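Worksheet: one structure, shown below.
Quantities reported herein were computed from a predicted structural model and do not represent experimental measurements. No hydrogens, no waters, no symmetry mates; every other heavy atom, side chains included, goes into these values. Both counts, for ligands and for their atoms, begin at 1 and track the order of listing.
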Amino acid sequence: MSIIGAYLAVTYGSAQASDADVQAASNPSAGQPSATPVAKVDVMALLQSNSCLSCHAIDHKVVGPAYHDVATRYANDPQAQAKVTASIQHGGTGKWGDIPMPPFAQLNPDDLHTLTTFILDQ
Ligand code: HEC
């Protein structure tokens with residue numbers, strides 16, 4: 001079924017929006033590997049909605065350290081995941097300078113894991 005066909009079928013009544021054909025037609029990339037991995041999109045949304053990016057950038061220092069520098073510092077640390085997760089959750093000061101990192105106690109474990117994994121990958 002073509003996209004137009006699916007649209008007409010839904011608009012004029014014969015098909016339900018839940019029909020597999022309709023969903024496939026209105027989402028042409030379904031089933032194909034997408035160019036942007038989903039996790040990356042989620043992480044950017046998390047970074048933005050928690051204002052991480054007002055103090056951090058990937059590749060240069062802002063108020064806090066560049067995520068690339070964080071990844072470099074912890075590259076050979078087997079405790080990296082746990083330490084960085086704790087830093088995001090509880091905040092801290094003195095590891096990179098005198099400016100404190102605010103705590104993000106409201107983040108759930110999944111979000112913390114996604115953020116930490118992403119940062120340590122930079
Ligand atoms: C108000 C500014 C600010 C915001 C907002 C902020 N940070 Fe930070 N962040 C800092 C500062 C300053 C440091 C350095 C703290 C230190 O020297 O110990 C830091 C340090 C870090 C570190 C390194 C921790 C370590 O153990 O070395 C990570 C990772 C990090 N921030 C992630 C995040 C994430 C993720 C968010 C959003 C959920 C966020 N930050 C939001 C200012 C901020």
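- Counting protein heavy atoms only, atom 11 (C) of ligand 1 is closest to G64 CA, 3.6 Å.
- The contact set between ligand 1 and S87, taken as ligand atoms under 4.0 Å from a residue heavy atom, comprises 24 (C), 25 (C), 26 (O).
- The main-chain N or O of Q79 is found under 3.5 Å from a side-chain atom of D77 such that the two form a donor-acceptor pair.
- Of the listed residues (T114, V84, D111), the one carrying the non-hydrogen atom nearest atom 29 (C) of ligand 1 is V84.
- No side-chain donor-acceptor contact under 3.5 Å links T117 to the backbone of T114.
- Heavy-atom proximity to S51, at under 4.0 Å, picks out these atoms of ligand 1: 5 (C).
- Near I99, meaning under 4.0 Å from one of its heavy atoms, ligand 1 places the atoms 12 (C), 15 (C).
- The distance criterion of under 3.5 Å between nitrogen or oxygen atoms is not met by K83 with respect to ligand 1.
- Counting backbone and side-chain atoms alike, H56 contributes an N/O/S atom closer than 2.8 Å to atom 8 (Fe) of ligand 1.
- For ligand 1, the atoms lying closer than 4.0 Å to a non-hydrogen atom of V63 are 12 (C).
- Following chains of ILVMFWY side-chain contacts shorter than 4.5 Å, one cannot reach L47 starting from V62, and the two form parts of different hydrophobic clusters.
- Residue C52 has at least one heavy-atom neighbour below 4.0 Å for each of these atoms of ligand 1: 34 (C), 35 (C), 36 (C), 37 (C), 38 (C), 39 (C), 41 (C).
- Residue P100 places a heavy atom under 4.0 Å from ligand 1.
- Atom numbering of ligand 1 starts at 1 in the shown order; those under 4.0 Å from a heavy atom of G97 are 17 (O).
- Side-chain heavy atoms closer than 4.5 Å link hydrophobic residues (I, L, V, M, F, W, Y) into clusters, and following such links, possibly through other members, connects M44 to V70.
- Regarding atom 43 (C) of ligand 1, its nearest protein heavy-atom neighbour is C55 CB, 3.3 Å.
- With ligand atoms numbered from 1 in the order given, ligand 1 contributes 38 (C) to contacts under 4.0 Å with heavy atoms of N50.
- Linking ILVMFWY side-chain heavy atoms closer than 4.5 Å, directly or via other members, places V63 and Y67 in two distinct hydrophobic clusters.
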